[in-house]
Structures are given as C-alpha cells and as structure tokens.
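Each chain gets a letter, A, B and so on, in the order its sequence line appears, and its residues count up from 1. Every value quoted in this text rests on a predicted model; they were computed, and no experiment measured them.
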Amino acid sequence: MSAETTPATAAAHDVSLYDVDNPAPVIEAPRKRTKKTPKTTRTNFELYGWLFMRLSGIVLVVLVLGHLLIQLVLDGGVSKIGFAFVAGRWASPFWQAWDLVMLWLAMLHGANGLRTVINDYAERATTRFWLKNLLYAATVFTVLLGTLVIFTFDPNIR
Amino acid sequence: MPAGTLYRGREGMWSWVAHRVTGVLIFFFLFVHVLDTALVRVSPEAYDDVVATYKTPVVNVMEYGLVAAILFHALNGLRIIAVDFWSKGPRRQKQMLWWVVAIWVVLMGGAFYPVLQHTLRTLFGS
Ligand code: HEM
Ligand code: HEM
C-alpha cells in the first residue's frame, strides 16, 4: 500500500477526513442498552457463573485430587476397589460428605462449563436450545442419582 | 470464516484449548462414573463386575490419561484464577504456564507406578 493513499496520511497532514457534510460514523459502545435489549439480560447471572467457576475450582482441587490419590495412588491403586471397599468408606460420614460436596460442585462446575462450550459452537438457536436442555436434564439426573446413592447406601444389601 | 483472519495464538490459545478439551472429557467421565457407582445399590456383584473393567490393562492406561487430564485442568485452572485475581498475574501468565507444565510432568512421573501398578504386576508377574 502506498503511503499517499492511506487515511493516516490525511490525519498526519492535519487534514480531517470528515466535515459537516461528511460526518464520522458513530460507533456504539459495546453492549449498549437499547430499547430492544431484553429485560432478562439485566441480571448478573454470568458474573456469578464466572465467580462460581473460580471458587468451585479451588475447592475441587482438594476434593478431586484427594479422591484420585485415595482411589488410584494409595494402597495398591485401583486393585483394592470393590463393594467392600466402598462399604468401608461410606461407613464414615466424613467421606459421605466429601463425596456429596464433590458430586455437586463437580457436576455444577462441569455443567456450567459445558454450557459455555455449547454457546460457543452451536450456532443455530434451536440446536443451542436442545443441546442445553439435554445438558440440564443429564446434570439434574446425575446429581440426584448420586445423592440418592450416597444417602441410601446399604452395606448389607444382601 | 473470512479468508486471512484465522487466529493462530501462541501458548495462551493452546492452554485454553487444552483446558476446554480436558474439562469436557472429565465431565463425560463423571457422568459415567456416577452411573457405575450407582450399581452399589443393585448388588455387590454388579458393582464388582464393572470395577473389574477398571482393572483391565487398557482401562488402567485410560485412568492414567484421566489423571493427566485432571492434573492439567486443575493446575491450569489455578493459573487462570491467578491471572484473574493476582495483580501481577496477567504479566506472568506465560511464565506460570511453564510452571503448570513442569509441576504436571513431575506429578505424572510420580503417579506412573502407583496408578499403573495393577497392570504392571498382572502383566509382568507378581
Ligand atoms: C480440579 C479442580 C478444577 C479447577 C481448579 C478448575 C478450574 C476451572 C476454571 C477456573 C474454569 C473457567 C475457565 C474460564 O472461565 O475461562 C474452568 C472451566 C471448565 N471446567 Fe474446570 N476446574 C476444575 C475441575 C473440573 C472438573 C472436575 C470438571 C468436570 C466435571 C471441569 C470442567 C470444566 C469445563 C467443562 C470448563 C469450561 C471450559 C471452557 O469454557 O473452555 N473442571 N475450570
Ligand atoms: C479412575 C479414577 C477414579 C476411581 C477409580 C474412582 C473411584 C471411586 C469409588 C470407589 C467411589 C465410591 C465411593 C468412595 O470410595 O469414595 C467413587 C465415588 C465418587 N467419585 Fe470417583 N473415582 C475416580 C475418579 C473420579 C473423578 C475424576 C471424579 C470427579 C470429577 C470422581 C467423583 C466421584 C463422586 C462425585 C463420587 C460419589 C458418587 C455418588 O454419589 O454416587 N471420581 N469414586
């Protein structure tokens, strides 16, 4: 590009590109509220979601890495796992509470993360709608099932 | 996509890609994991049967892969939090990524034998 033809040259020579008959285009501020902005966007949901990802992440470092250490590293790794092992662990309210909090936090953190991923890649509104409904259904189902299992576990099932 | 605008980021973009891929992967694992754990409410045999698949060599190697994914996601997640909340975070984001990678390598090395010992012992004797 030759230097003479760029608008920057006009500015450099102190000649304005715009005048009264030829006004500069108006650039709207990003996300400016207009009359058409729906009311439903006027909450801080995304801010709280953003914050939740970070707070839950910090707690999950302890819960999930601790879980992996117990299940896969200590005491023979995966070899020891079985019904009797689970019965021993869930005899303690401490590990029941650990698993319960881990279940809820990991599922909500993961579901909120997947919601972002769907919003990013599913371009058609109907695809987005159905994928997110599928996600929410799977999340509610998994959280409820996992909670039920922890609370109704019976070591003497047979 | 308009021609010539393909964004090729550097470390920052690739760590973001890896964070996203590992996050989705862990979520799908967790879904299956809660289902298989629910078998403790069916019968001890049903539960022990699925856990037996966790002890096969192929799945055992996949568990090492899961540990790899979670360790990266956890360490890089802490890096993201540091970038967002620590005043010096944004300026040190690249430096912190190399810390993430270094700690990841060390922990993966340390986890190698404990996690894979079941397979190593069944394949190569006692
Ligand atoms: C181990 C501790 C964890 C930490 C420190 C952590 C940290 C984070 C952070 C800070 C974000 C937000 C990224 C952003 O807003 O740009 C995030 C996103 C995400 N996390 Fe985690 N996380 C952890 C565990 C998990 C688990 C267990 C799952 C799956 C159940 C998961 C799935 C996801 C997903 C799917 C995303 C969205 C990724 C994206 O938008 O690109 N994370 N994580
Ligand atoms: C291959 C690696 C893993 C193994 C072998 C494993 C093993 C187990 C076992 C034996 C239990 C039964 C209860 C207990 O002992 O605490 C359990 C429960 C649980 N695990 Fe894992 N785990 C693994 C990875 C993970 C990961 C990565 C997460 C989180 C992202 C996770 C989340 C949970 C949750 C939420 C429960 C409670 C399930 C329920 O409420 O029914 N686990 N796991």
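Contacts with chain B were tallied for Gly113(A), Ala87(A), Ala138(A), Gly82(A); Gly82(A) has the most, counting heavy-atom pairs under 4.5 Å. Most heavy-atom pairs under 4.5 Å with chain A, from the set Phe31(B), Tyr113(B), Tyr54(B): that is Phe31(B). For the options Val61(A), Val86(A), Val117(A), heavy-atom pairs under 4.5 Å to chain B are most numerous at Val117(A). When Pro155(A), Gly57(A), Ala111(A) are compared by the number of non-hydrogen pairs under 4.5 Å with chain B, Ala111(A) comes out ahead.
Here Ile70(B) contributes atom CD1 and His67(A) contributes atom NE2; the two are 8.5 Å apart, rounded to the nearest 0.5 Å. Residue Thr142(A) holds its OG1 atom at 12.0 Å from NE2 of His33(B), rounded to the nearest 0.5 Å. Of the inter-residue distances, the one linking Phe27(B) atom CZ with His109(A) atom NE2 reads 10.5 Å to the nearest 0.5 angstrom. If you take CG on Leu55(A) and CD1 on Ile81(B), they are separated by 8.0 Å, rounding to the nearest 0.5 Å. Between the CG atom of Leu30(B) and the CE atom of Met102(A) there is a distance of 8.0 Å, given to the nearest 0.5 Å.
Both the backbone and the side chain of Leu72(A) come within less than 4.5 Å of a heavy atom of chain B. At a 4.5 Å heavy-atom cutoff, the contact between Ile81(A) and chain B is made by backbone and side-chain atoms alike. Using a 4.5 Å cut-off between heavy atoms, Val78(A) touches chain B through backbone and side chain atoms alike. The part of Asp120(A) that comes within reach of chain B is its side chain, from C-beta onward, which places non-hydrogen atoms under 4.5 angstrom from that chain. Only the side chain of Phe141(A) comes within less than 4.5 Å of a heavy atom in chain B; its backbone stays farther off. With a 4.5 angstrom heavy-atom cutoff, Phe85(B) touches chain A only via side-chain atoms. Looking at Val73(A), both its backbone and its side chain come within 4.5 Å of chain B, counting heavy atoms on both sides. For a residue to count as touching a neighbouring chain, one of its non-hydrogen atoms must lie under 4.5 Å from one of that chain's; by this rule Ala84(A) does not touch chain B.
Gly77(A) and Gln117(B) get closest at one heavy-atom pair: N-NE2, 3.3 Å. Residues Ala38(B) and Leu145(A) approach most closely at CB-CD2, 3.9 Å, considering heavy atoms.
Applying the 6.0 Å contact sphere to CZ of Phe112(B) captures no more than 12 heavy atoms from other residues, nucleotides or ligands. Heavy atoms from other residues, nucleotides or ligands lying under 6.0 Å from CH2 of Trp99(B) number 12 at most. Few gaps surround CH2 on Trp86(B); more than 12 heavy atoms of other groups in view lie less than 6.0 Å from it. Surrounding CE of Met62(B) are at most 12 heavy atoms belonging to other residues, nucleotides or ligands under 6.0 Å away. Dense packing is recorded around NZ of Lys80(A), with more than 12 heavy atoms of other residues, nucleotides or ligands lying under 6.0 Å away. Crowding of Trp130(A) atom CH2: a count of heavy atoms from other residues, nucleotides or ligands under 6.0 Å not exceeding 12.
Tyr121(A) and Leu134(A) end up in different hydrophobic clusters when Ile, Leu, Val, Met, Phe, Trp and Tyr side chains are linked at under 4.5 Å. Taken together through direct or relayed side-chain contacts under 4.5 Å among Ile, Leu, Val, Met, Phe, Trp and Tyr, Trp90(A) and Phe94(A) form part of one hydrophobic cluster. In the hydrophobic clustering of this structure, Phe45(A) does not group with Leu51(A); members are Ile, Leu, Val, Met, Phe, Trp, Tyr whose side-chain heavy atoms approach within less than 4.5 Å, directly or through other members. By the rule that hydrophobic residues join a cluster once side-chain heavy atoms approach within less than 4.5 Å of another member, Met53(A) and Leu25(B) end up as members of separate clusters. Both Leu60(A) and Val101(A) sit in one connected hydrophobic cluster of ILVMFWY residues. Membership requires side-chain heavy atoms under 4.5 Å apart, directly or through other members.
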(message) Between Leu65(A) and Leu71(B), is the side chain to side chain contact (heavy atoms under 4.5 Å, CB included) condition met? List the steps.
(response) CA-CA 8 Å; Leu65(A) 295 189; Leu71(B) 275 180; 4.0 Å; yes
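Within residues 39-52 of chain B, the residues having any heavy atom under 4.5 Å from a heavy atom of chain A are, by residue number, Val40(B), Arg41(B), Val42(B), Ser43(B), Pro44(B), Glu45(B), Tyr47(B), Asp48(B), Val51(B).
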